[in-house]
Student: 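Would you mind keeping the following structure in view while I ask a few things?
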There are 2 protein chains.
Amino acid sequence: MSDKPRERKLSRYRDIATRLQKEIRLGKYPVGDLLPTETELMAHYSTSRQTVREALRILMDQGLIVRRVGLGSVIIATEPPVLFTHSVKSLSEWLRYSNETYRDVVRSGEIVADRDLAALLKCEPGKQWFLIESIRRVDQFAAPLGWTEIYVLRKFAGVVKRSDHGRAPVHEQIAKMFGQTTEYAQMEIFVRKMPAAFAKALQVEAGSPALTVVRRYYGLKEELFEVTVTTHPEGRYTYSMDMQRSLRPRV
Amino acid sequence: MSDKPRERKLSRYRDIATRLQKEIRLGKYPVGDLLPTETELMAHYSTSRQTVREALRILMDQGLIVRRVGLGSVIIATEPPVLFTHSVKSLSEWLRYSNETYRDVVRSGEIVADRDLAALLKCEPGKQWFLIESIRRVDQFAAPLGWTEIYVLRKFAGVVKRSDHGRAPVHEQIAKMFGQTTEYAQMEIFVRKMPAAFAKALQVEAGSPALTVVRRYYGLKEELFEVTVTTHPEGRYTYSMDMQRSLRPRV
DNA sequence: CGTTCTTATTTGTCCGTATAAATGGATTAA
DNA sequence: TTAATCCATTTATACGGACAAATAAGAACG
């Protein structure tokens, strides 16, 4: 019969949430103030506590209030904060290599961080690392994409023996083998002259423009457990990132 | 007296949520299957529906299930999808310049995108832009940080007349003057040889390593309305970004 | 004046119940 | 066979009540 006009009848708690949002936006409750208590809202809207709490949960999800036992609902913002978010499902997505690339291990072994290396890795000098050096390629004929130095804690040196070693990101391999999870990560991108040590392998001249990307992986208790340094010749790598405007980043 | 041993007694619904998470992770309920109904869980855990629903809300928030009326709780993942998020409150934070820097406008005027420029900006050739060229500095004595080309739609050319022109990001000025909001943004970073056109102004040699950052700002309907291209000599700029592991991105 | 204790307030957790709305499958009708 | 209808199931919404835990403010104490 009818074309389902979508009456869009709001549920009671959504309605209350909307009204409260409006009041907050219009300044009735400034930041730092308290919203009326659940009991007061129950009386004001002639509704049950359940309904009021559902409404307040919405405001909480939007980041407008925080609720604390014994205190009340504190206004922390008058507008849902607009964020630009860049989120990835894994850090390997973050590293925008396609799955077509792989690493050819050149050599590996232990190394002690001297002054310069410590500065690059942001670790204390004298720290002992296990270093894996490899060349990142699309295929064995094309010019390599870049030179990769992977520094991992010595206790994780076993990752080089994994069958998927050259394919999967090392921090994921460490997670699988040792249960070490990445809680925090940091990236730096800068330009420098191509170091002579990599120039020949990358088929460019030493001193030519090079893009260097440093990624630091931290576990629990902010323990730095892996650092990768990749160096790309001109024209072989572009870092790109998209950001979306969003009120609430979602999975 | 006691050192507050933090008994950490889990609330009933959190306990149930944890148990269900474990069962899901161990494969008792594969992706696509249904979790037991609320009624079944009430019976199984000898608890109320309220408590069961609170537990299921947690799983929902973690992205493990979706719940649908008349159907049930569908498993959509066996592990909480781990996200790494990088969120900023504004795009000017994204551009990691300190507030101490400013732009010195060198010249501005209209320009039509030729083939090369269109490729760089990712717009159609022949598109008309208003170009503002400037030098980014910390102070007038130190070597400049970089060269900035700002391409805006011709209708936004008026931004150069703003009093805060050299200080605030242009896309923010456009937002204030014209109400154009940024819904989506994109960034690319690559290395190239320093173009001769900027070399002298930046006090480096043409052909020396240069870091180029292209930022594209899109409004509603995916309309590209501003592109900035900044070119930095070696050692004067490092792009850095932090990412947090988070189940649910928060403000 | 400062400290400890008490108390009222407020949200967190949990229980019971009822009705509405959406879904999928079975049933019926064309 | 196909389309429409009915129905049991399931979650969404909403009501009622109770006690626990955290907080702030006042009271009592030194």
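Computation of the quantities below employed the complete heavy-atom set of this structure, encompassing side-chain atoms and omitting hydrogens, waters and symmetry-equivalent molecules. This is a predicted model, so every value here is computed, not measured. Below, chain A is the first sequence line, B the second, and so on; all start at residue 1.
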Student: How close or far is atom P of C:dT11 from atom CG of A:Leu34, stated in whole angstroms?
Tutor: 8 Å
Student: Checking all strands, does A:Thr47 fall into the base, sugar-phosphate, or nothing category for heavy-atom contacts under 4.0 angstrom?
Tutor: sugar-phosphate
Student: With a 4.0 Å limit, can you tell me whether B:Arg49 has a side-chain N or O closer than that to the phosphate oxygens OP1/OP2 of C:dT17?
Tutor: no
Student: Would you say C:dT10 has OP1 or OP2 under 4.0 Å from some side-chain N or O of A:Arg67?
Tutor: no
Student: Would you classify A:Arg68 as touching base, sugar-phosphate or nothing, given that sugar-phosphate means primed atoms plus P, OP1 and OP2, and contacts are heavy atoms under 4.0 Å?
Tutor: sugar-phosphate
Student: When you check the phosphate oxygens OP1 and OP2 of C:dC15, does a side-chain N or O of B:Thr51 lie under 4.0 Å from one of them?
Tutor: yes
Student: Please tell me if A:Tyr13 has a side-chain N or O lying less than 4.0 Å from either OP1 or OP2 of D:dT13.
Tutor: yes
Student: Show your working on side-chain hydrogen bond (donor to acceptor under 3.5 Å, both in side chains) between B:Gln180 and B:Glu226 and close with a plain yes or no.
Tutor: CA-CA 10 Å; B:Gln180 173 70 266; B:Glu226 178 186 342; over 6 Å; no
Student: What's the spacing between A:Ile76 CD1 and A:Leu64 CG if we round to 0.5 Å?
Tutor: 7.5 Å
Student: As an exercise, state the distance from OH of B:Tyr151 to CG of B:Leu120, rounded to the nearest 0.5 Å.
Tutor: 6.5 Å
Student: So what does B:Arg14 touch, heavy atoms closer than 4.0 Å: a base, only the sugar-phosphate, or nothing?
Tutor: sugar-phosphate
Student: Mapping A:Leu35 and B:Gly70 onto DNA chain C by nearest heavy atom, which one lands closer to the 5' end?
Tutor: A:Leu35
Student: Just call it for A:Ser48: base, sugar-phosphate, or nothing, with non-hydrogen atoms closer than 4.0 Å on any strand.
Tutor: base
Student: Once rounded to the nearest 0.5 Å, what's the spacing between atom CD of A:Gln186 and atom CZ of A:Arg216?
Tutor: 5.0 Å
